[in-house]
Amino acid sequence: MQERYTPADIEKKWQLFWEEQSTFVAEMSSPLPKFYLLEMFPYPSGRIHMGHVRNYSIGDVVARFKRLRGFNVLHPMGWDAFGMPAENAAIQNNIHPAKWTFENIANMRTQLKSMGFSYDWSRELATCDPDYYRWEQLIFLQMFEKGLAYKKSSFVNWCPSCQTVLANEQVEDDGCWRCDSKVEQKELEQWFFRITAYAEELLEATNHLPGWPETVLTMQRNWIGRSIGCEIDFPVAGRAQAIRVFTTRQDTLFGATFMSLAPEHPLALELTVPERRAEVEAFIAKVKTQDKIKRSSDDFEKEGVFTGSYCINPVTAHKMPIYLGNFVLMDYGTGAVMAVPTHDQRDFEFARKFDLPMVVVIEPQGVLLNPESMTEAWTGPGHLVNSGEFDGLANDAAKEAIADVLERRKIGKKTVNYRLRDWGVSRQRYWGTPIPIIYCDDCGMVPVPEKDLPVILPTDVPFTGEGGSPLAKSAKFVEVLCPKCGKAARRDTDTFDTFVESSWYFARYCSPQATHAPVDKAQVDYWMPVDQYIGGVEHAVMHLLYARFFCKVMRDLGFLAADEPFTNLLTQGMVCKETQSCPTHGWLYPEEVVEGQCLKCGTPALAGRTEKMSKSKKNVVDPDKLIAQYGADTARLFSLFAAPPEKHLEWNDQSVDGCYRFLNRVWRLVFEHRHLVAAGGFEQDGPARNLRRLTHRTIRKVTEDIDGRFHFNTAIAAIMELVNGISAFEGKTTCPAVMREAVETVVRLLAPFVPHVTEELWSHLGHAEGLEAAGWPVWDAEAIVDDEKVIVVQVNGKMRGRITVAADLGDEEVKVQALAEANVARALAGQTIRNVIVVPNRLVNVVIG
RNA sequence: GCCGAAGUGGUGGAAUUGGUAGACACGCUAGGUUCAGGGUCUAGUGGCUGUAGGGUCGUGCGAGUUCGAGUCUCGCCUUCGGCACCA
C-alpha cells in the first residue's frame, strides 16, 4: 500500500473493475426487492457541468446505498439528444447535428464514467436514435386514433429567434424559456396533445403523491388551475343567438350590467352594428399588435369598445350593452365575461371609464355599499340584495342556489374550468422526431402505417439558418406516396417538441432493447414506477407534468400499468458561485482573477452577487479540472457535504480543499492500521467501550440520515466525527478489535459517497472481495447503550450546570443530585423552590421566585 | 396583488418529537514538526464583561403561549421561487 493518496490511479482502476464485473447491470430475475432510481438525463451539450455532478452524485449515493442494503437497483443513464443547440451548431460551424450530438455524447459519457457513477450502461439510450423515436411515433399514432393528438389552427407562441413554436409552459415572463427572446403570437396549424382530458386526474393525483415536495405539487395545481363555476347563456337582443359566459361568481348574476367579449371572440364582428364597425375593427387590430408584456402588465389600462348590440340578463331581463375588452382572454373560459362592476375590480374600472350602470347585489356585514360613492369593487363575502328570491342568502349559499335554478331553467350549468391548455407539440425544427403524418390532396390527413415506421430524419438536408425548417426544403423527405391511394402526397415537416422524448424515457429504460413495442410489458411493470426521481426544481411544471400525462396515456393505451411515473421526487438546488467582473473586461472566469486582480489589466476584480453557475456570467467551475486536481471522490464529497440536496450549493474552493484533506486523513488512518488484527475481542469498559459506542452510533446515524432523509451533509459530518473519535482514542489504550472495527466502519460508511477510495482502502485492509460483498454495516443495539447520561440543570429555564449520572438512575435521585450541583446550589441559595420539572434522561428545570 | 419557501457566528451549515443554540467543516489565532514554503499535529475561536469560578446578551424585527421557544401562535420586515387582467 502506498503511503500517499493518489486518486488518479485508483479511480481508473476501480472504474475498470466495475465495468469488467458488470457490477451495476440490473436484471429482472433477481430475488431482491426492486428499486428504480432515476436522475433526469442530460442534454448532450458537450461537457458536464457542476449541476450534473451534484445531481448525479446525489443519485449515486442513493443507488449505492440501496444496493448495499439489499435492493435490486435499476440506475440507468442516457441522453436527451434532440434539440436546438445541435441545429445551431450545424448552422454556425457547418457540422451535422447528428455528428455534433454523438461526439458530445461520447465526450460526456467519458466524463460521467470518470465520476464513477454506478450506472447500468447497457441500458444507455439516446432519444435521437431511430430505435427510440420510432416508438414515440407509434405512441403518437395511437394517440391520434384515440383523439388524444389532434391538429388545429390557433394563435401560438412564436419565438422569432428560434423560429419555432413554444408551448405555454415554455414561455417565461413573455420570453422564450431557452433563449429569452420576446415571444410573438402567430397563427399556425399545429399538433396538440389533449392533456386537458387528463386535467382532473393530474390534479386529483397530486393529493396522493406524498413523496413529492409540497412546492412542486402546489406549482402543478396552480398550473392546472381548476375553478368551479357556471356557464350561463345570455340571449342577444333581437337575435336567436346567445352568448355563453363562464363565471365563478354566479352569486353576482343579478348585478351583471354589461357584457365583455375578447377581441378575438367569434361573435365580436358579427354583433357589431354597421355604424360602429370601423371603430371596432380598429380596436381589434390594435389589441392584436399589443404585445403580451404590455397587455398583461399591472398598470395596463383597461380599454374597450362598444359593439352597438345588447344582450339580456337572463334573471333580471335588463338590457346589457356588449363591449369588447382588451383584458378578456379568448383562451380562458368561453372568451366572454358577464361584467359585475360592483363586485369585480376590472369590471369596476371598466364601468367607471365608460359610465356603465352599477347595481350592488352583495351587502357585507356592517358596510353600506353605494354604487355612486364606491371607490373599488367589493369582492368579499356578504348577503345578497337586489337579487329577487335569493335576497338575504349568504353569497356562498347563493352560489349553489343560483346554479341549481339556472340548471332547472336550462339557461346555465355548473362547470369546471381549467387554466391548463392542450400541449402544442409541433416545432418547425429539423433536429427532432418527425411527425408521422402524410397529407394527400384526395385523402386528406393520413397517418403513416405502423409497418412504415420509423419515419427517419433525413441526414442530407441544407442548414442555412434562414427561415423555416430544413426538412421542408428536402424534396426527398417531403415527397411521398399516399399510403391510402398511392398518389403523390407530402409529409408533415414539423418535428415534436423535445419534451415529448423526455416524457417516456423512464419507461423505455426498463427494456431499452425492446423491438416489438415501446416497452416490454413484463419488464416495465416489474420496474415501474420510478421509486426515486432526482432533478432540478426548474422542471417542476413542464417536464414533470408532461411525464405524468404520458404515463397515464401509456397506461390507457395498455403499454404499462403504473398510474404515476415517480413515487418519490427530490428536487435539488442549484450550484451557485460568486460572480467576478472587471470594469473594462466584463465578467471574469475564476482563473482570470489572480490575487484579486483581472489577469488582463491588473485592475482589482469586483465581486458580484452569488448566482447560479452559468457560462454567460463566467462563474463556472469545470468538473474535469476538479477531477484532475483532486479526483472524482473529492468532487462528489464536496457536492454532498457543502449543503443539503434540496438547497442551493454555494461553491467554495477552500471547502473543496477541506474535503480533499479529509480523504487524505482517512487514507493515513487506514495506512497506519492496515496490519491491525482484530484479536482479543471487544473490551467492555473504558475508552474501548466508548469508541465502540461511537462506531455503532455513527452507523445508526449515517443509515438514518441517508435513508429517506437525504441528509448527506450530516451523514458525512458524523463520519468525520468518528474519524476524530478514533484519533482521540489512539494512545489512550489499545483494543485492536474495537480499533479495527472503527476503522473498517469509516471505510464502509463512506462507500456510497466516495466509492473509489473506499474500495481501494477496503482491499488494503485485507478483503479479497469488494465492498459490494460486505454489504451495509449493521449497528449493535447493545453497543449503543449508554453507561452514563448527562443531565442539564436549569434554573428558571437558564442553564446553570450539568451532572453526569449512571444511565439507569431514577428521576428522584437525578433531582436530588441536580439540586446539589455546586453552581445550581449557588443560584438557589436563599430562594424558594416553586417547582422542579424533570424531563427523563434530559434535563431538570428548577423554578424559583 | 396572490401562493409558497427561506432568514442561525467571519463563511457553508447542525440542532429528527418544544428541552445544553452553533455539531461537522471552512477561515482565523497561537504553538510543535520543517532551512523555508506546503503538508501535518496540538490548542483556541458567537458578542460583551470579569484575574478567575462565572455573569450577561444572542437564531431577521415585535408581541404571545410555556417551567422552558431557533422550533408553536399572531403581526411585520427582507430575500428567493412560482402564478399573475383566469372572469
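The model shown is predicted, which means the values in this text are computed figures rather than measured ones.
With distances taken from any side-chain atom of A/Gln794 to the nucleotides B/G19, B/A14, B/A87, the minimum falls on B/G19. In this structure, the nucleotide among B/C83, B/G12, B/G54 sitting nearest to the side chain of A/Trp223 is B/C83. Candidate nucleotides B/A87, B/A23, B/G12 were compared by shortest atom distance to the side chain of A/Ala717, and B/A23 ranks first. Side-chain proximity of A/Arg421 to B/U40, B/A87, B/C86: nearest is B/C86.
Regarding the sugar-base torsion, B/G9 falls in the syn class, its angle being within 90° of 0.
Counting non-hydrogen atoms under 4.0 angstrom, A/Arg800 reaches the backbone sugars and phosphates but no base. The residue A/Lys612 sits apart from the nucleic acid: no heavy atom pair falls under 4.0 Å. Heavy atoms of A/Asn664 sit nowhere under 4.0 angstrom from any nucleic acid atom. A/Gln654 comes within 4.0 angstrom of sugar-phosphate atoms only, judged by non-hydrogen atoms across all strands, and of no base. Using a 4.0 Å heavy-atom cutoff across all strands shown, A/Arg346 reaches at least one base atom of the nucleic acid. Among the atoms of the strands shown, only primed sugar atoms or phosphate atoms (P, OP1, OP2) are found under 4.0 Å from some heavy atom of A/Arg668. Base contact: A/Asn845 has a heavy atom under 4.0 Å from a base atom.
Close to B/C57, at under 4.0 Å from its OP1 or OP2, lies a side-chain N or O of A/Lys798. Put simply, A/Arg419 has a side-chain N or O that comes within less than 4.0 Å of OP1 or OP2 on B/A84. OP1 and OP2 of B/G82 both lie 4.0 Å or more from every side-chain N or O belonging to A/Arg221. Here A/Arg661 reaches the OP1 or OP2 of B/G27: one of its side-chain N or O atoms lies under 4.0 Å away. In this structure, A/Asn823 reaches the B/G55 phosphate: one of its side-chain N or O atoms is under 4.0 Å from OP1 or OP2.
Summarising the geometry of A/Met259 relative to A/Phe234, their closest heavy-atom pair is CE-CG, 3.6 Å, with the distance given to 0.1 Å. Smallest separation of non-hydrogen atoms from A/Ser639 and A/Arg54: O-NE, 4.0 Å.
Centroid-to-centroid, the aromatic rings of A/Phe350 and A/Phe327 come within less than 6.0 Å.
Rounded to an integer number of Å, the gap from A/Met720 CE to B/C26 C1' is 10 Å. When the P atom of B/A87 is taken as reference, atom CZ of A/Phe234 falls 16 Å away, rounded to whole Å. One can place CG of A/Asn417 at 8 Å from P of B/A87, the figure rounded to the nearest angstrom.
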| field | Step-by-step side chain to side chain donor-acceptor pair (under 3.5 Å) determination, A/Ser227 to A/Tyr332 | value | CA-CA 11 Å; A/Ser227 49; A/Tyr332 183 78; 2.9 Å; yes
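Using modelled atom types, one side-chain atom of A/Asn313 and one backbone atom of A/Ala256 make a donor-acceptor pair closer than 3.5 Å.
Atom OG1 of A/Thr745 is separated from atom CD1 of A/Ile719 by 10.0 Å, given to the nearest 0.5 angstrom.
Sequence order on RNA chain B of the closest nucleotides to A/Asn724 and A/Lys701 puts A/Lys701 first from the 5' end. For the pair A/Glu721 and A/Thr215, nearest-nucleotide mapping onto RNA chain B gives the more 5' position to A/Thr215.
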